Peer 1: 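Below: one structure in structure tokens.
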Amino acid sequence: MKKLINDPADVISDALHGLAAAHPELRVDFENRVVVRGDAPVRGKVGLVSGGGSGHEPLHAGFVGAGMLDAACAGEVFTSPVPDQMVAATQAVDGGAGVLHIVKNYTGDIMNFELAAEMVAADQGTEVVSVVVDDDVAVQDSLYTAGRRGVGATVLVEKIAGAAAEQGRPLAEVADVARKVNSYARSMGLALTSCTVPAAGRPTFDLPDDQMEVGIGIHGEPGRRRVPVAPANEIAEMLVSPILTDLDFTGGDGVIAFVNGMGATPLIELYVMFNEVTQLLAKNGIPVARSLVGPYITSLDMAGCSVTLLKADDELLRLWDAPVNTPALRRGV
Amino acid sequence: MDATALTAWLREFARLVAENKDELTALDSAIGDGDHGVNMDRGLTAVVAALDAEPPETPSALFKKVGMTLISKVGGASGPLYGTAFLRMSAAADAELDGPGFAKVLRAGLDGVVARGKAAPGDKTMIDALAPAVDALDAAFASGAGLADAFSAASEAAARGREATVPLVARKGRASYLGERSAGHPDPGATSVTLLMRAAASTLGAAG
């Protein structure tokens, strides 16, 4: 294992101290491992809290700031944070208009956020609404699984719901916007390599040099199938086809197309992929209304990418275009 | 059974988890995310420290402290599941527990796990070991068995339930993403439950 770390046990704490030093506009509660917008709580504004296992940076702490999240909780690598952290985050951002929890659909995250919401309701009476993100088409959605994983759409939900909250919309409306983004978004990912959890010290799974794993999640979970390495145009087809099969993307105002890097893939390759994705969409009569290209929801040092498509309409595009000022996403400010 | 006897049970559970930490983690690496042993050990180490600092005086206070500590320290899915079980046990516990009273408390814990995790028997989860253990306790006490026989039967029932998870395809938790590939491995959560019941047999069972 070659990593820029000290003791593997200190990775999260060391990284949070770095984040705090680089971004004095944010407040970092080191004890609870919660990153909070510097001006929180914003009076009269719905507070947005998310969080999850670490290892997906910049998600979630990199998206804390005006126009996006009010707070993010950092768990151990690939392990959900605990309710105490979510309670602390919720208290820190409660500006009197209620708090929205944005939860990726993993068993641990769901249960810990659920407990946190119960604890907040019992102790302070803050109104909390939870929205679950589950956009990964690689997982069969049925009563007999934990359901689809929350992946790329999480970034889009945080941006768009964040903009809605910034406009002063009430909690129920902000939650509806978040649910709408989730219901209109689909994702699919692919790994060229595994990833190495610092505490484990070796790759989570073995993937030979000439093979790639299609349909991976963001925790080094195995995917749908293992296939020989292919050119970018064929990879784009493998990722885009199942998305288009799952949801009809025609007939709206086009899509917000998001090509995400898994952590170790250079931007030049992500643009190669984006080119292939846009050509495929054009062939299917789907215009690209907006785009996002880069490593925004990663899986440590995994090489690979994911594609997320969000069926857009006028409302979602206006919220997407609204100003945002966070460490990892900043425009219009 | 008073708070002292029940504390001895949970200390023994903590010791068994520490002893089997690597095995639990290896099982979880096969079909989950490889942290069950580390997370449970971290949580139970904190539980033992909390019990050392301030020994609870009633079973209810004991279970509450254990539940809150596990929820705060374990994370993942196991923290809320074990934590909820102990919080429900706290709510159901009288000041002194006889055998059937303990069985009732443990069933309240099981109901908490089912409510929190929304899993059913056969989903390849900790329920597959805990439900048979509670049933075995009830059956033993109904037939007039003493504590030693009842807890021994419960421990064996948990172990059999855990073995029965081997061929199952996981329907809950991170193992469910593997689909058919999750078959052929025992469930890590069911494995830690067998340790909980083994600890009960060697402490609560021995006391009777």
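Predicted model only: the values in this text are computed from it and were never measured. Chain A is the first sequence line, chain B the second, and so forth, proteins listed ahead of strands; every chain is numbered from 1.
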Peer 1: Taking heavy atoms only and a threshold strictly under 4.5 Å, list by residue number the residues of residues 112-135 of chain B that touch chain A; give 'none' if the list is empty.
Peer 2: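 Heavy-atom contacts from residues 112-135 of chain B to chain A are B/Arg116, B/Gly117, B/Lys118.
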Peer 1: When rounded to the nearest 0.5 angstrom, what is the spacing between CE in A/Met111 and OG in B/Ser78?
Peer 2: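 If I round to the nearest 0.5 Å, the distance is 7.5 Å.
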Peer 1: Please enumerate all residues that pass side-chain hydrogen bond (donor to acceptor under 3.5 Å, both in side chains) together with A/Asn6, with sequence neighbours excluded.
Peer 2: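 Testing A/Asn6 for side-chain hydrogen bond (donor to acceptor under 3.5 Å, both in side chains), a comparison that skips the adjacent residues, returns A/Asp14.
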Peer 1: At a 4.5 Å cut-off on heavy atoms, which part of A/Asp84 comes close to chain B: side chain, backbone, both, or neither?
Peer 2: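 The side chain, not the backbone.
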Peer 1: For A/Asp7, does the CG atom have more than 12 heavy-atom neighbours from other residues, nucleotides or ligands under 6.0 Å away?
Peer 2: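 Yes, because the 6.0 Å sphere around CG of A/Asp7 holds more than 12 heavy atoms from other groups.
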Peer 1: Any idea which of A/Thr107, A/Thr204, A/Ile110, A/Asp109 has the most non-hydrogen atom pairs under 4.5 angstrom with chain B?
Peer 2: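 Heavy-atom pair counts peak at A/Thr107.
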Peer 1: Mind checking which of residues 80-88 of chain B sit less than 4.5 Å from chain A, heavy atom to heavy atom?
Peer 2: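 From residues 80-88 of chain B, the residues near chain A are B/Pro80, B/Leu81, B/Thr84.
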Peer 1: Determine whether A/Val82 and B/Ile71 make a side-chain contact, defined as any pair of heavy atoms from C-beta on separated by less than 4.5 Å.
Peer 2: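 No, every pair of side-chain atoms sits at 4.5 Å or beyond.
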Peer 1: For B/Asp138, give me all partners under salt bridge (charged side-chain N to carboxylate O under 4.0 Å, His left out), at least two apart in sequence or on another chain.
Peer 2: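 Expected list: B/Arg107.
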Peer 1: Tell me whether A/Gln211 at atom CD has more than 12 heavy atoms from other residues, nucleotides or ligands lying less than 6.0 Å away.
Peer 2: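 Atom CD in A/Gln211 is crowded, with more than 12 foreign heavy atoms closer than 6.0 Å.
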Peer 1: Checking side chain to side chain contact (heavy atoms under 4.5 Å, CB included) for the pair A/Thr79/B/Asn39: CA distance, chi angles, key distance, verdict?
Peer 2: CA-CA 9 Å; A/Thr79 299; B/Asn39 288 347; 4.0 Å; yes
Peer 1: Which region of A/Asn105, side chain (C-beta onward) or backbone (N, CA, C, O), has a non-hydrogen atom less than 4.5 Å from a non-hydrogen atom of chain B, or is it both or neither?
Peer 2: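 The backbone, not the side chain.
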Peer 1: Would you say that more than 12 heavy atoms from the other residues, nucleotides or ligands in this model lie under 6.0 Å from the NZ of B/Lys73, or not?
Peer 2: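 No.
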